[in-house]
Protein chains: 2
Amino acid sequence: MNADLSVSPLSLAILGLISLQPLSGYDLRKCFATTPMGHFSASPGAVYPALGRLEKAGWIQGAQDDRQELRPRRMFSLTEEGKAILVAYLSRGITREDVIWRLDELLLRFSFMGHWVTKARVKRFLIQFGQEACRYVEVLRAQRASFPDLPSATARLALEYGIEQYQAAVRWADQALVEVGSKP
Amino acid sequence: MNADLSVSPLSLAILGLISLQPLSGYDLRKCFATTPMGHFSASPGAVYPALGRLEKAGWIQGAQDDRQELRPRRMFSLTEEGKAILVAYLSRGITREDVIWRLDELLLRFSFMGHWVTKARVKRFLIQFGQEACRYVEVLRAQRASFPDLPSATARLALEYGIEQYQAAVRWADQALVEVGSKP
DNA sequence: CGATACATGTAACCGGTTACATGATTTT
DNA sequence: AAAATCATGTAACCGGTTACATGTATCG
């Protein structure tokens, strides 16, 4: 109902995973525990309440799994509204702030884009991402230059770590753009 | 008093900055707002309570700034105990989990190491960091290889982004080690 | 005179962490 | 018999976010 309701990274990850196939809370936790998506938390105290909130919002629905053996599972799948929210979220443009402050979330978004948005949007994402990352490299370089009073060699090196990371991001975006563009 | 008390990244950043010179809460917020350290939060609702906790723990102490003009500031400096906690924290070895789940915090630690720990420890940090990052690159590569069923091209590319980031980290550590080693 | 910078703080809210509870089935 | 796996959840705690309150000094 409310597409600009802000979605926490964990909720976005859940929405994205469930969009691929119905999953139980336990399935989600296993997935978080064994992949880098675990950065958005694998603890039961985060996953189950998040599922509850998403169900209450009407974005996912749980169906009792009718097996006799073991404890019954609740398999969650996306509702139409949930699908709309997910697509809206994945379609959002990238801001400079996203690239600086919410890199992880951006990559999470990107990882689900392949399924639900057009190739043109994927390309736009990569172009904007590369541009903003490039700009931020300049900002960081300027910071390095304007703080010759950087308190120590390690502080300078830590800043250079950030520069290297964003440069790698720029290269990745360029390469990914080539790959996405070449496979029609 | 308790060196294995876990310190939040924000508290560590505050401890580190104050270790360089006495600062007010406002100074800290400005610093967070204008540098990548802001990743550990610049909001007053985080900084002032954190200062309160650190003071209560006896790791920092605030002194009223005796200026007539403007509102009086409280300038915080490290106590001896706070200094000990900081050094203990900076001296810690790196675990695989740190490299996978707490990269930001690791770099924060590194940025303050130059002041308070020996060059040998800085080198050890870089060696361990490089090793663990290298190992994690292999883990991620294995994941890419073992999931040919990766749901989409963008999901694969997102994983490759992670690989590129950690590879850049390995290169950075190697280069940093050379720089630290060459300047006696 | 209004905006901005200086400066410190509080309160409501949200959500993640850790640890625990529960209980069946399968493996050692 | 014990441990591990499957499976869902709760409760206390902690701490970050947002927004607000308060008040002075300076700049345009």
Side-chain angles (χ1 to χ4, degrees), chain A residues 2 4-15 18 22-34 37-57 60 62-76 97 101-102 104-105 108, chain B residues 4-15 18 22-34 37-57 60-76 97 101-102 104-105 108:
Chain A
N2 190 347
D4 57 25
L5 203 69
S6 96
V7 182
S8 77
L10 176 58
S11 293
L12 177 60
I14 291 175
L15 247 27
I18 285 177
L23 293 171
S24 68
Y26 192 78
D27 293 332
L28 287 163
R29 291 187 56 212
K30 261 191 308 182
C31 183
F32 289 138
T34 57
M37 264 189 299
H39 273 121
F40 307 105
S41 189
S43 65
V47 172
Y48 290 107
L51 284 168
R53 288 193 298 271
L54 291 171
E55 193 174 28
K56 203 173 155 196
I60 65 176
Q64 208 71 26
D65 195 10
D66 50 338
R67 323 180 285 176
Q68 256 58 31
E69 343 85 45
L70 286 170
R71 237 174 117 159
R73 289 183 299 180
R74 300 192 64 206
M75 299 297 280
F76 291 93
E97 286 69 38
W101 303 108
R102 289 175 292 271
D104 286 359
E105 210 180 319
L108 179 64
Chain B
D4 56 26
L5 204 69
S6 97
V7 182
S8 77
L10 176 58
S11 294
L12 177 60
I14 290 175
L15 246 26
I18 285 177
L23 293 171
S24 67
Y26 192 78
D27 293 332
L28 287 164
R29 290 187 56 212
K30 260 191 308 182
C31 182
F32 288 138
T34 56
M37 264 189 300
H39 272 120
F40 307 105
S41 190
S43 65
V47 172
Y48 289 107
L51 284 168
R53 287 192 299 271
L54 291 171
E55 194 175 28
K56 202 173 156 196
I60 65 175
Q61 60 186 9
Q64 208 71 27
D65 194 12
D66 49 338
R67 321 180 289 176
Q68 257 58 31
E69 343 87 44
L70 287 170
R71 230 174 124 159
R73 288 184 299 179
R74 300 192 63 205
M75 298 298 279
F76 291 93
E97 286 68 39
W101 303 108
R102 291 175 291 271
D104 287 359
E105 210 181 318
L108 179 64

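Order of the sequence lines sets the chain letters (A, B, ...), proteins ahead of strands, with each chain counted from 1. What you see is a predicted model; the values in this text were computed from it and never measured. Hydrogens, waters and symmetry mates are skipped; everything else that's a heavy atom, side chains included, is used.
- Atom CG in Leu15(A) sits 7.5 Å away from atom CD1 in Ile60(A) (nearest 0.5 Å).
- Taking Glu55(B) as the reference, Arg74(B) meet the side chain to side chain donor-acceptor pair (under 3.5 Å) condition, with sequence neighbours excluded.
- For Arg53(B), the salt bridge (Lys or Arg N to Asp or Glu O under 4.0 Å) criterion is met by no residue, not counting sequence neighbours.
- By the 4.5 Å heavy-atom criterion applied to side chains, Asp27(B) and Ser24(B) are counted as neighbours.
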Under 3.5 Å, N/O pairs linking protein and nucleotides 16-19 of chain D:
| from | atom 1 | to | atom 2 | distance (Å) |
| --- | --- | --- | --- | --- |
| dT17(D) | OP2 | Ser41(B) | OG | 2.3 |
| dT17(D) | OP2 | Ser43(B) | OG | 3.0 |

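- Residue Leu51(A) contributes atom CG, which lies 12 Å from atom P of dT10(D) at whole-angstrom precision.
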*Do Leu51(B) and Ile18(B) pass the side chain to side chain contact (heavy atoms under 4.5 Å, CB included) test, and can you show the C-alpha distance, the side-chain angles, and the key distance before you say yes or no?*
CA-CA 11 Å; Leu51(B) 284 168; Ile18(B) 285 177; 4.2 Å; yes
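- Straight-line distance from the CZ atom of Arg73(B) to the C1' atom of dT8(C): 12 Å, rounded to whole Å.
- Here the side chain of Thr34(A) pairs a donor or acceptor atom with the backbone of Lys30(A) at under 3.5 angstrom.
- When rounded to the nearest whole Å, the span between OH of Tyr48(B) and P of dT22(D) equals 17 Å.
- Only Gly25(B), Tyr26(B), Arg29(B), listed by number, bring a heavy atom of residues 25-34 of chain B to less than 4.0 angstrom from any atom of DNA chain C.
- The separation between Phe76(B) atom CZ and dA7(C) atom P is 14 Å, rounded to whole Å.
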*I would like to know whether His39(B) and Trp101(A) meet side chain to side chain contact (heavy atoms under 4.5 Å, CB included); could you show each step before the answer?*
CA-CA 7 Å; His39(B) 272 120; Trp101(A) 303 108; 3.5 Å; yes
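- Ser11(A) has its side chain within reach of Leu54(A): a pair of non-hydrogen atoms, C-beta onward, lies under 4.5 Å apart.
- The CG atom of Leu12(A) sits 14 Å away from the P atom of dG15(C) (whole-angstrom rounding).
- Computed from coordinates, the Lys56(A) NZ to dC14(C) P distance equals 10 Å when rounded to whole Å.
- Here Arg29(B) pairs with nothing under the salt bridge (Lys or Arg N to Asp or Glu O under 4.0 Å) rule; sequence neighbours left out.
- The closest side-chain heavy-atom distance from Leu10(A) to Phe32(A) is below 4.5 Å.
- Side-chain contact check for Ile14(A) versus Phe40(A): every heavy-atom pair is 4.5 Å or farther apart.
- In the helix from dC1(C)-dG28(D) to dT28(C)-dA1(D), the terminal helix axes, each the rotation mapping four pairs' C1' atoms onto the next four within five end pairs, subtend 30°, rounded to 10°.
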